Protein chains: 2
Amino acid sequence: MAKDPTTDLSRRERQILDVIYRLGRATVAEVVADLPDAPSYSAVRALMGIMEEKGQLTHEQDGARYIYLPTVSREKARKGVLKSVVQTFFDGSSRQAIAALLELPESKFSREELDALSALIEKAKKEGR
Amino acid sequence: MAKDPTTDLSRRERQILDVIYRLGRATVAEVVADLPDAPSYSAVRALMGIMEEKGQLTHEQDGARYIYLPTVSREKARKGVLKSVVQTFFDGSSRQAIAALLELPESKFSREELDALSALIEKAKKEGR
DNA sequence: AGCACGCTGCTAAAGAACTAGCATCCTCGA
DNA sequence: TCGAGGATGCTAGTTCTTTAGCAGCGTGCT
């Protein structure tokens with residue numbers, strides 16, 4: 001059974017990975033800059049080294065420095081996270097999760113977005129038949 | 001300023017808290033049973049004690065044993081988690097998150113659920129106007 | 001009442017995470 | 001070409017997490 005990668009991370013490691021997912025790709029300096037309670041540069045660097053060893057990150061060379069990126073695609077990570085959130089907080093019901101998202105104060109949908117969502121639901125209705 | 005509780009947890013602590021959110025409330029034994037890579041009973045017990053000190057858990061007495069529950073309501077936890085997931089993996093777009101949920105293989109919506117979602121969206125459209 | 005079972009309180013120690021600083025190497029601009 | 005700035009490789013030490021085991025107490029059953 002595939003182990004949930006998010007379950008296997010220490011606190012800082014998860015923070016770092018989150019930053020990288022948010023940015024897509026990032027240098028050590030960028031990660032430090034984006035970390036809420038930034039520890040030392042060295043610390044972050046060491047952690048990222050470990051994460052690379054463990055296989056959660058890779059790096060590309062860019063001139064003198066490294067640009068880190070996740071080994072798991074954002075797509076896959078998204079699915080994994082959603083799945084576990086639904087499981088943990090919504091009794092396995094995606095519907096409830098969607099409802100909560102719709103009611104989230106931060107959401108603020110435009111007319112177009114709502115239309116797009118309607119369309120998606122219609123599509124699901126047709127396919128489910 | 002309220003600190004993000006999920007950011008402040010160690011690996012095991014987060015695992016434990018997740019189990020408790022999943023179950024709503026739980027004894028130590030139940031948590032152990034639900035943990036994928038269960039450590040010793042003692043270990044879990046110690047961790048939960050620490051988490052209670054830190055304020056993430058409380059317990060109620062039930063006969064001889066403790067029943068633990070989170071100090072933060074499931075409601076609030078849900079919102080917090082969704083917000084951070086949307087932020088980290090969906091560029092702050094709830095719409096994208098919803099779309100991903102709709103397309104999640106695990107989702108499998110019933111006809112009724114889809115209708116309920118349609119209704120919610122219609123409601124949002126009206127309110128947004 | 002007596003007994004077995006399960007759960008908590010505590011102590012202590014191994015292990016992993018986290019941090020710092022120095023030496024070295026590469027890159028870019030003067 | 002030469003120097004400055006910045007980034008990595010490493011080593012070592014501290015701190016926090018995570019673990020186990022023993023002792024005592026309450027609960028429920030016989």
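When reading the values below, keep in mind they use all heavy atoms of this one structure, side chains included, and skip hydrogens, waters and symmetry mates. Note that the structure is a prediction, hence the values are computed from the model and not measured. Sequence lines set the chain letters: A, B, ... in the order given, protein chains first and strands last, and positions in each chain run from 1.
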Heavy-atom count around K76(A) NZ within 6.0 Å, excluding the residue itself: above 12? no
Using a cut-off of 6.0 Å, state whether more than 12 heavy atoms not belonging to K108(B) lie near its atom NZ. no
What is the distance from [atom1] of [X] to [atom2] of [N], rounded to the nearest Å?
X: Q15(B); N: dT18(D); atom1: CD; atom2: C1'; answer: 11 Å
X: I67(B); N: dG6(C); atom1: CD1; atom2: P; answer: 17 Å
X: D62(B); N: dG28(D); atom1: CG; atom2: P; answer: 9 Å
X: Q61(A); N: dG6(D); atom1: CD; atom2: P; answer: 18 Å
X: L35(A); N: dC18(C); atom1: CG; atom2: P; answer: 11 Å
X: E13(A); N: dC18(C); atom1: CD; atom2: P; answer: 6 Å
X: D37(B); N: dT17(D); atom1: CG; atom2: P; answer: 18 Å
X: R12(B); N: dA17(C); atom1: CZ; atom2: P; answer: 12 Å

Of all of residues 38-54 of chain B, which get a heavy atom below 4.0 angstrom from DNA chain C, listed by number?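 Listed by number, they are Y41(B), R45(B).
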Flag the pair R22(B) and D18(B) as a salt bridge only when some basic side-chain nitrogen lies within less than 4.0 angstrom of an acidic carboxylate oxygen. no
Look at R12(A) together with D37(A) and state whether they make a salt bridge at an N to O cut-off of under 4.0 Å. yes
With nearest nucleotides of DNA chain C determined for R65(B) and G63(A) from heavy-atom distances, which residue corresponds to the more 5′ nucleotide?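 Its nucleotide being nearer the 5' end, the pick is R65(B).
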With a 3.5 Å distance limit and no angle check, can you tell me whether [X] reaches the backbone of [Y] through a side-chain donor-acceptor pair?
X: R78(A); Y: F89(B); answer: yes
X: S94(A); Y: L101(B); answer: no
X: T27(A); Y: I67(A); answer: no

Net bend of the helix from dA1(C)-dT30(D) to dA30(C)-dT1(D), end axes of five pairs each, nearest 10 degrees: 30°
Classify the ring geometry between Y66(A) and H59(A) as parallel (under 30°), tilted (30 to 60°) or perpendicular (over 60°). parallel
OP1 or OP2 of dG9(C) under 4.0 Å from side-chain N/O of Y66(B): yes
Which atom of A97(A) lies closest to which atom of V86(A), heavy atoms considered: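 Distance-wise, the nearest heavy atoms are CB-CG2, 4.0 Å.
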